[in-house]
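So the structure is just underneath, and the comments pick up after that.
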Amino acid sequence: MRRLIAGIGGLALATTLSQFPEYAQQYTQRLGGAVDELRVIAEEFDRAAAEGGLDRQAALQRFNASNDDFLAGRGNSMSATFQRYDMLSATLAQIEGAGPVERLQSLPAYLDSDIGRRTLENYKPAMPVTMEGILYAGSGFILGYLVLSALVRLIGMPFRRRGRGRIRVTRT
């Protein structure tokens, strides 16, 4: 019975962990799309600033120095856009350069972002056919099997009969 329960636990964790590479890939695709769109916005702003004889910082300062609340607000908005572009670009570079274990360690950071939550909301499970997916599934099975096996043993300890398997010798 213990082996059956542990096997079920192993399969459940194998299935769960095997999905991480697919989630990471879908997250990376979304992140890459966001970076690409922000790059277009940044390049367009820089081009318009250059046509006006300004660099990015000078153009932003001109927006922020304006007495017009709308223009000053646009300057603040563009500053925030450039900061987000820099942050997401750095995150994408970090993910693309990370190995399987490093990506798993970064999971809390994935889930704690806008893009991570939207990826999870729209996540589509996939069969792991990559070596990474197979390794995650195998690790999940072993870990799930061992944890549930230990848990079943621990829970069953108070119910074990004492002296089971021992031969009692009585003297007469």
Side-chain angles (χ1 to χ4, degrees), residues 1-48 56-57 59-60 63-64 70 72-156:
M1 182 66 150
R2 178 179 57 84
R3 286 185 180 164
L4 176 66
I5 292 171
I8 291 170
L11 287 174
L13 194 54
T15 302
T16 302
L17 281 182
S18 73
Q19 293 306 299
F20 175 73
E22 179 62 22
Y23 171 81
Q25 183 226 6
Q26 289 180 27
Y27 175 84
T28 304
Q29 287 176 340
R30 279 182 172 261
L31 182 61
V35 168
D36 289 345
E37 286 304 309
L38 290 172
R39 181 181 305 115
V40 169
I41 292 169
E43 289 172 353
E44 189 176 296
F45 183 88
D46 290 343
R47 188 174 30 260
R56 181 185 292 177
Q57 288 306 325
L60 288 173
F63 270 112
N64 292 333
F70 173 74
R74 290 298 301 149
N76 290 335
S77 174
M78 287 307 297
S79 292
T81 297
F82 293 132
Q83 288 173 356
R84 181 166 170 81
Y85 171 60
D86 291 340
M87 181 191 69
L88 293 181
S89 295
T91 302
L92 181 60
Q94 179 185 8
I95 289 171
E96 288 175 335
V101 174
E102 292 168 319
R103 280 197 301 275
L104 183 61
Q105 290 171 338
S106 300
L107 179 61
Y110 293 169
L111 296 175
D112 193 34
S113 70
D114 238 23
I115 295 171
R117 279 190 298 279
R118 286 196 311 269
T119 302
L120 198 54
E121 289 169 3
N122 297 297
Y123 176 71
K124 304 284 187 265
M127 179 67 109
V129 293
T130 62
M131 185 55 76
E132 183 180 357
I134 293 167
L135 289 174
Y136 275 106
S139 298
F141 179 79
I142 291 168
L143 184 62
Y145 185 91
L146 293 175
V147 167
L148 274 183
S149 180
L151 188 61
V152 167
R153 273 185 191 236
L154 184 66
I155 291 171

field: T81 OG1 to N76 CG distance, which is reported to the nearest 0.5 Å
entry: 10.5 Å

query: Rounded to the nearest 0.5 Å, how far apart are OH of Y85 and CG of D36?
result: 8.5 Å

message: Ignoring hydrogens, what is the shortest heavy-atom contact between R103 and F20? Give both atom names and the distance.
response: O-CZ, 3.3 Å

Verdict with reasoning, Q83 to M87, per side chain to side chain contact (heavy atoms under 4.5 Å, CB included): CA-CA 6 Å; Q83 288 173 356; M87 181 191 69; over 6 Å; no

field: R30 side chain reached by N122 side chain, heavy atoms, under 4.5 Å
entry: yes

message: Taking atom CZ as the centre, does R3 end up with more than 12 heavy-atom neighbours from other residues, nucleotides or ligands that are less than 6.0 angstrom away?
response: no

Taking every non-hydrogen atom, the tightest pair across Y145 and G7: CD1-N, 3.5 Å

- prompt: Short question: side chain of Y23, backbone of G116 - any donor-acceptor pair under 3.5 Å?
  reply: yes

message: Quick check on R56: does its CZ atom have over 12 non-hydrogen neighbours (other residues, nucleotides or ligands) under 6.0 Å away?
response: yes

message: Could you report the tightest heavy-atom contact between F82 and D46, atom names first, then the distance?
response: CZ-OD1, 4.5 Å

field: Nearest heavy-atom neighbours spanning V35 and S89
entry: CG1-OG, 3.6 Å

- request: Quick one: do M78 and I41 satisfy side chain to side chain contact (heavy atoms under 4.5 Å, CB included)? Show the steps, please.
  value: CA-CA 9 Å; M78 287 307 297; I41 292 169; 3.8 Å; yes

- line: Rounded to the nearest 0.5 Å, the CG atom of D86 sits from the OG1 atom of T91 at a distance of 10.5 Å

- prompt: Do Y123 and E22 have side-chain heavy atoms sitting under 4.5 Å apart?
  reply: yes

field: I115 side, atom CD1; L31 side, atom CG - distance, nearest 0.5 Å
entry: 5.0 Å

- line: Value for CG (L143) from OG1 (T16), rounded to nearest 0.5 Å, stands at 11.0 Å

statement: In short, F45 meets L60 closest at the heavy-atom pair CZ-CD2, 3.8 Å

- request: State the CG-CG distance between L92 and L88, to the nearest 0.5 angstrom.
  value: 8.5 Å

message: Looking at every heavy atom in both Q19 and P125, which two are closest together, and how far apart are they?
response: OE1-CA, 3.2 Å

query: Looking only at atom types and distance, does a side-chain atom of S18 sit under 3.5 Å from a main-chain N or O of T15, one as donor and one as acceptor?
result: yes

message: Before you tell me yes or no, could you show the steps for F141 and L13 under side chain to side chain contact (heavy atoms under 4.5 Å, CB included), namely the whole-Å CA-CA distance, both residues' side-chain angles and the distance that decides it to 0.1 Å?
response: CA-CA 6 Å; F141 179 79; L13 194 54; over 6 Å; no

message: Heavy-atom count check: over 12 atoms from other residues, nucleotides or ligands less than 6.0 Å from R118 CZ?
response: yes

